[in-house]
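Written out below as structure tokens is the structure these notes cover.
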Amino acid sequence: MVAHLGDRPPTYAAEPIALPTADPAGLAALTPDTVLEGAQYGGYTLRAASVRGDSARFRGEARRDFLLTARFGTGPDALVLVVLAGGDRAAPGAAEAAAEVCRSVAGAVGRSQERLSQDIRDGRREALRSGLQRLTDRGYGQLRARAAELGLPEDGYTAGLRGLLLPVDPGCRTRVCFGAGAGGLFRLRDGQWRDLEEPAQAAATPTTPAPAPAGPAGFRFRASVARPGDTLLLCSGGLADPMREEEPLSAELAARWADAAPPGLAAFLADTQLRLKGYADDRTAAAVWEA
């Protein structure tokens with residue numbers, strides 16, 4: 001087991017130290033330190049995790065990232081949705097904003113499941129792009145309205161969002177990713193990582209007019225056909241940043257995920273917690289292994 005990557009150990013301990021303060025009248029709002037999820041449909045295996053960062057674990061602060069996984073519909077037309085969000089840990093409403101935008105967008109996707117499923121199967125990428133951008137715009141519009149109610153600036157009540165749509169139908173290998181703000185999308189193919197949100201890919205693409213741009217940094221969309229052996233990694237800013245900035249992390253994950261068989265839940269959790277000095281934020285990740 002790797003204790004940490006890099007020459008120097010991280011500032012904080014590897015295991016949780018302090019629990020967040022609890023309100024006896026608001027116990028339903030408590031956030032667990034770690035969330036794990038997994039599934040297998042057709043030719044792919046899904047693993048997802050959200051983990052409180054080392055800094056929050058030391059200071060007794062709640063996890064601000066949010067992870068939601070859901071299956072909408074039944075039979076081959078069903079869709080699996082993974083949506084995750086992460087806010088600025090210095091912002092007082094970050095955790096609430098992350099949860100709100102995830103639930104808002106997930107609810108909208110669920111209500112549009114039949115149309116989205118058909119668009120994916122028919123390869124209507126522009127319809128998917130415009131539809132998901134509208135849903136994302138609405139989610140961020142709700143955050144802006146809530147920020148105004150709380151008397152907060154817009155950037156004080158927001159979160160970076162990433163979503164992933166996976167058809168249950170084994171005959172459909174299209175994978176649809178979308179979102180806005182901080183976060184990342186990476187693909188491991190033949191032992192090499194590619195950042196699928198490089199600057200040329202990251203610019204917002206105009207579609208239908210919207211009342212306001214989606215999120216703090218424009219809308220991002222990608223629909224592609226998966227190849228056997230691919231691994232797709234969707235993550236919040238807490239993992240996307242070191243993936244882009246620290247080669248030892250991407251190299252270690254490439255080595256760990258070189259086998260065709262996907263890791264189990266416990267192993268995936270350990271992989272997402274590979275530690276480096278200077279990166280102590282929450283980490284949320286969803287990865288898809290293609291058989």
Can you name the nearest heavy-atom pair linking [X] to [Y], along with the distance?
X: A98; Y: A159; value: CA-CB, 3.7 Å
X: S250; Y: W193; value: O-NE1, 2.8 Å
X: R52; Y: P20; value: NH1-CD, 3.9 Å
X: V101; Y: A85; value: CG1-CB, 3.9 Å
X: A62; Y: A56; value: O-CB, 4.3 Å
X: G139; Y: S104; value: CA-OG, 3.6 Å

R283 vs D65, salt bridge (charged side-chain N to carboxylate O under 4.0 Å, His left out): CA-CA, chis, key distance, verdict:
CA-CA 7 Å; R283 290 184 178 184; D65 277 11; over 6 Å; no

Does [X] reach the main-chain N or O of [Y] with its side chain, forming a donor-acceptor pair under 3.5 Å?
X: S112; Y: V109; answer: no
X: D259; Y: A261; answer: no
X: R121; Y: C172; answer: no
X: S236; Y: T284; answer: yes
X: S130; Y: E126; answer: yes
X: S117; Y: Q113; answer: no

Within the supplied structure, the quantity of interest is the number of heavy atoms (other residues, nucleotides, ligands) at a distance under 6.0 Å from [X] [atom1]; does it exceed 12?
X: D7; atom1: CG; result: no
X: Q192; atom1: CD; result: no
X: Y12; atom1: OH; result: yes
X: E114; atom1: CD; result: no

Less than 4.5 Å apart, side chain to side chain, heavy atoms only: is that true for [X] and [Y]?
X: V82; Y: L68; result: no
X: P16; Y: F58; result: no
X: H4; Y: L276; result: no
X: L188; Y: L233; result: no
X: R71; Y: Y41; result: yes
X: L161; Y: Y140; result: yes
X: D169; Y: D77; result: no
X: F186; Y: C235; result: yes

Atom pair [atom1] ([X]) and [atom2] ([Y]), whose distance is rounded to the nearest 0.5 Å:
X: D33; Y: R57; atom1: CG; atom2: CZ; answer: 4.0 Å
X: L274; Y: M243; atom1: CG; atom2: CE; answer: 10.5 Å
X: F72; Y: L79; atom1: CZ; atom2: CG; answer: 9.0 Å
X: D271; Y: L249; atom1: CG; atom2: CG; answer: 10.0 Å
X: Q118; Y: R115; atom1: CD; atom2: CZ; answer: 11.0 Å
X: T69; Y: L46; atom1: OG1; atom2: CG; answer: 7.0 Å

L165 vs V80, side-chain contact (heavy atoms from CB on, under 4.5 Å): CA-CA, chis, key distance, verdict:
CA-CA 6 Å; L165 281 173; V80 172; over 6 Å; no

R59 and S55: side chain donor to acceptor below 3.5 Å
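Judged by distance alone, the side chains do pair up.
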
So if you build clusters from Ile, Leu, Val, Met, Phe, Trp, Tyr with side-chain heavy-atom gaps below 4.5 Å, do [X] and [Y] land together?
X: L166; Y: L196; value: yes
X: L232; Y: L84; value: yes
X: L269; Y: V35; value: no
X: V51; Y: L67; value: no
X: L265; Y: W289; value: no

side-chain contact (heavy atoms from CB on, under 4.5 Å), paired with F178, selected from L135, L185, V83, V105:
V105

Using a strict cut-off of less than 4.0 Å between a Lys/Arg side-chain nitrogen and an Asp/Glu carboxylate oxygen, indicate whether [X] and [Y] qualify as a salt bridge.
X: D282; Y: R63; result: no
X: R275; Y: D54; result: yes
X: E197; Y: R162; result: yes

Quick one: sort the F219 and F221 rings into parallel, tilted or perpendicular, breaks at 30° and 60°.
parallel

Under the criterion side-chain contact (heavy atoms from CB on, under 4.5 Å), I'd like the reasoning laid out for F66 against E100: C-alpha separation, chi angles, the key distance, then a yes or no.
CA-CA 9 Å; F66 191 82; E100 184 173 342; over 6 Å; no

For E290 and R173, run salt bridge (charged side-chain N to carboxylate O under 4.0 Å, His left out): C-alpha distance rounded to whole Å, both residues' side-chain angles, the deciding distance at 0.1 Å, then the answer.
CA-CA 9 Å; E290 302 289 347; R173 299 186 70 95; 3.4 Å; yes

Take V288 and L164 through the side-chain contact (heavy atoms from CB on, under 4.5 Å) test and state the conclusion after the steps.
CA-CA 10 Å; V288 179; L164 173 63; 3.6 Å; yes

Applying side-chain contact (heavy atoms from CB on, under 4.5 Å) to E252 and L5, what does each step give before you reach the verdict?
CA-CA 9 Å; E252 179 68 20; L5 301 175; 4.2 Å; yes

Evaluate the side chain to side chain donor-acceptor pair (under 3.5 Å) criterion for residues Y157 and E96: first the C-alpha distance (whole Å), next the side-chain angles of each, then the deciding distance (0.1 Å), finally the verdict.
CA-CA 8 Å; Y157 194 80; E96 293 80 3; 5.9 Å; no

Apply salt bridge (charged side-chain N to carboxylate O under 4.0 Å, His left out) to R189 and D230, showing your working.
CA-CA 5 Å; R189 176 178 289 173; D230 282 357; 2.8 Å; yes

Any chance you could lay out the salt bridge (charged side-chain N to carboxylate O under 4.0 Å, His left out) test for E246 and K277, step after step, and finish with the verdict?
CA-CA 10 Å; E246 300 291 339; K277 186 172 181 61; over 6 Å; no

